[in-house]
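A quick write-up on the structure given underneath.
The figures that follow rest on heavy atoms only: side chains count, while hydrogens, waters and symmetry mates do not. Computed from a prediction, not measured in an experiment: that's the story for all the values here.
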Amino acid sequence: MSGSVRVTVPATSANLGPGFDALGLALELHDVVEAELADGGIEVRVSGVGAGEVPLDADHLVVRAMRAAFTSLGVDVAGIRVTCTNRIPHGRGLGSSAAAIVAGVLAARALAGAPDDVGAALALAADLEGHPDNVAPCLIGGLTIAWSSSGKATAVALDVHPTVRPVVCVPAESLSTDAARGLLPASVPHAAAARNAGRAALLVEALTRRPDLLLEATEDELHQPYRAPAMPDTLALVKDLREQGIAAVVSGAGPSVLALTIAGQRVGDVPGWQVLDLAVERRGAVTTRSDGTDRYEMVASGG
């Protein structure tokens with residue numbers, strides 16, 4: 001094994017309202033990770049988001065993911081050198097940890113000469129992340145439906161209707177996913193679960209063929225109301241946008257807000273929030289070797 005590899009990974013938004021822990025969307029906002037093997041030790045450099053805040057040793061999430069991938073392949077390495085250029089906000093519900101994990105898994109597989117195997121990459125990334133809803137769109141792009149079968153994560157990708165334009169509103173404060181999940185009840189009313197199931201099914205149709213149904217399709221009763229105490233400003237912004245007819249939801253575990261706009265809709269300035277007008281990232285993660293060859297995208301076909 002020699003040379004270096006570059007992995008470009010997109011931000012993601014999970015849940016999309018009613019699709020809790022199942023639906024995810026890749027966004028055109030990227031982190032870039034460059035990795036190579038070293039004679040020994042761990043060297044991590046970080047610029048952009050997280051610089052001066054994240055660990056620069058073996059505890060760095062990209063390094064941990066690389067080590068897990070090497071182990072899964074039965075490969076021993078003496079050292080790792082990683083350079084991260086980050087644009088995805090941390091702790092904002094935009095899949096920053098999933099991006100780091102996917103980048104690490106793909107970098108290690110490329111350095112080890114492993115084949116472009118979306119199933120193996122997804123299974124390991126989901127295991128490291130704990131759930132597949134962010135790692136799936138990060139890997140394969142577009143709108144993804146992810147699930148686990150016999151303990152192994154899998155996913156399918158769908159094309160998003162070209163008139164759908166994601167807009168993300170990012171607050172100044174962060175919120176940990178664990179804290180947000182800690183607010184969820186152990187059980188919910190059967191009627192609420194049934195309504196959410198119907199809305200999640202409708203959301204797939206709305207995002208792919210009928211954007212006019214997005215407002216109704218993004219209604220949620222399973223997780224957003226329970227998280228309101230931890231992010232009142234987030235839920236207030238969701239409510240305000242929805243009253244304007246814009247399909248707004250909590251992005252992932254929050255506290256960012258995802259607005260799925262269609263033709264004629266616009267999210268204006270929101271005081272105290274960074275408003276990012278993004279496109280759907282349809283490619284997912286892209287890996288390129290140092291010599292520019294063996295560029296590939298992680299494409300899912302039938303799961």
Practice item. Mark yes or no for whether Arg199, through its side chain, and Glu216, through its backbone, hold a donor-acceptor pair below 3.5 Å. Key: yes
**Study point:** Spacing of CG belonging to Leu16 relative to OG1 belonging to Thr218, to within rounding of 0.5 Å
**Key:** 9.5 Å
Exercise for review: Can you establish whether the number of heavy atoms outside Arg6 located under 6.0 Å from its atom CZ is more than 12?
Suggested key: no
**Study point:** Which atom of Leu27 lies closest to which atom of Pro166, heavy atoms considered
**Key:** CD2-CB, 3.7 Å
Review point. Quick one: does Gln274's side chain get under 4.5 Å of Pro171's, heavy atoms only?
Key: no
Review point. Looking at residues at least two apart in the chain, or sitting in another chain, which of them share a side-chain hydrogen bond (donor to acceptor under 3.5 Å, both in side chains) with Glu221?
Key: Arg195
Mind listing the side-chain donor-acceptor pairs of residues 47-56 below 3.5 Å, one per line with the distance, residues two or more places apart or on another chain?
none

Exercise for review: With sequence neighbours excluded, tell me which residues meet salt bridge (Lys or Arg N to Asp or Glu O under 4.0 Å) with Arg87.
Suggested key: none
Check your understanding: Do Leu37 and Leu111 come within less than 4.5 Å of each other through their side chains, counting heavy atoms only?
Key -> yes
Point to revise | Single-linkage hydrophobic cluster Leu128~Trp147, side-chain heavy atoms < 4.5 angstrom | key: no
Point to revise | Leu23 vs Asp133 side-chain heavy atoms within contact, under 4.5 Å | key: no
**Study point:** Residues forming a side chain to side chain contact (heavy atoms under 4.5 Å, CB included) with Ala194, sequence neighbours excluded
**Key:** none
Review point. Do we see a donor-acceptor contact under 3.5 Å between the side chains of Arg227 and His223?
Key: yes
Revision key, fill the gap. In short, side-chain hydrogen bond (donor to acceptor under 3.5 Å, both in side chains) pairs touching residues 88-104 with sequence neighbours left out are Ser97-Glu129
Check your understanding: Less than 4.5 Å apart, any side-chain heavy atom of Pro162 and any of Val280?
Key -> no
Check your understanding: Partners of Asp59 by salt bridge (Lys or Arg N to Asp or Glu O under 4.0 Å), sequence neighbours excluded?
Key -> none
Review point. Do Val105 and Met66 have side-chain heavy atoms sitting under 4.5 Å apart?
Key: no
Point to revise | Residues that Thr12 engages under side-chain hydrogen bond (donor to acceptor under 3.5 Å, both in side chains), provided they are two or more places apart | key: Asn134
Point to revise | For Ala285 against Pro10, the heavy-atom pair lying closest together | key: N-CD, 4.0 Å
**Study point:** Any side-chain heavy-atom pair of Val62 and Cys84 under 4.5 Å
**Key:** yes
Review point. To the nearest 0.5 Å, what is the distance between CZ (Arg210) and OG1 (Thr208)?
Key: 10.5 Å
Exercise for review: Starting from Val275, walk the hydrophobic network (Ile, Leu, Val, Met, Phe, Trp, Tyr; side-chain heavy atoms closer than 4.5 Å) and list everyone else you reach, by chain and number.
Suggested key: Val167, Leu175, Met231, Leu235, Leu237, Val238, Leu241, Ile246, Val250, Val257, Val267, Val270, Trp273
Study note, to complete from the structure: Members sharing Phe20's hydrophobic cluster, built from side-chain contacts under 4.5 Å between Ile, Leu, Val, Met, Phe, Trp and Tyr, are Leu184, Val188, Leu222, Tyr226
Practice item. Using atom types as modelled and distance alone, determine if a side-chain donor or acceptor of Gln265 lies under 3.5 Å from a backbone N or O of Ile262. Key: yes
Review point. Do Arg165 side-chain atoms and Arg266 backbone N/O form a donor-acceptor pair below 3.5 Å?
Key: no
Exercise for review: Consider only side-chain N and O atoms of Ser4 and Arg289, and report whether a donor and an acceptor are under 3.5 Å apart.
Suggested key: no
Practice item. Could you tell me the separation between the CG atom of Leu106 and the CG atom of Leu139, rounded to the nearest 0.5 Å? Key: 5.5 Å
Practice item. Using a cut-off of 6.0 Å, state whether more than 12 heavy atoms not belonging to Asp57 lie near its atom CG. Key: yes
Review point. Can you find a pair of side-chain heavy atoms, one from Arg64 and one from Ile101, that are under 4.5 Å apart?
Key: no
Point to revise | Residue pairs fulfilling side-chain hydrogen bond (donor to acceptor under 3.5 Å, both in side chains) with at least one residue in residues 245-261, sequence neighbours excluded | key: Ser13-Ser251
Practice item. Work out which heavy atom in Leu258 is nearest to a heavy atom in Val168; give both atom names and the distance. Key: CD1-CG2, 4.0 Å
Study note, to complete from the structure: Those residues at least two apart in sequence (or on a different chain) that pass side-chain hydrogen bond (donor to acceptor under 3.5 Å, both in side chains) with His30 are Glu281
Study note, to complete from the structure: Note: Pro137 and Pro132 closest approach over all heavy atoms is CD-O, 4.3 Å
Check your understanding: Would you find more than 12 non-hydrogen atoms of other residues, nucleotides or ligands less than 6.0 Å from Arg242 atom CZ?
Key -> yes
Check your understanding: Crowded around Glu173 CD? As in, over 12 foreign heavy atoms under 6.0 Å?
Key -> yes
Point to revise | Separation of Leu214 CG from Glu219 CD (nearest 0.5 Å) | key: 12.0 Å
Review point. Closest heavy-atom contact between Ala155 and Ala136?
Key: CB-CB, 3.8 Å
Check your understanding: For Gln244, which residues count as a side-chain hydrogen bond (donor to acceptor under 3.5 Å, both in side chains) partner, sequence neighbours excluded?
Key -> Asp240
Review point. Between Arg81 and Val44, is there a donor-acceptor pair closer than 3.5 Å when you use the side chain of the first and the backbone of the second?
Key: no
Exercise for review: Would you check if the side chain of Asn86 reaches a backbone N or O of Ile88 as a donor-acceptor pair within less than 3.5 Å?
Suggested key: no
Review point. Looking at CD of Glu34 and OG1 of Thr288, how far apart are the two atoms once the value is rounded to the nearest 0.5 Å?
Key: 10.0 Å
Point to revise | Atom pair CG/NZ of Leu124 and Lys152 - distance to nearest 0.5 Å | key: 11.0 Å
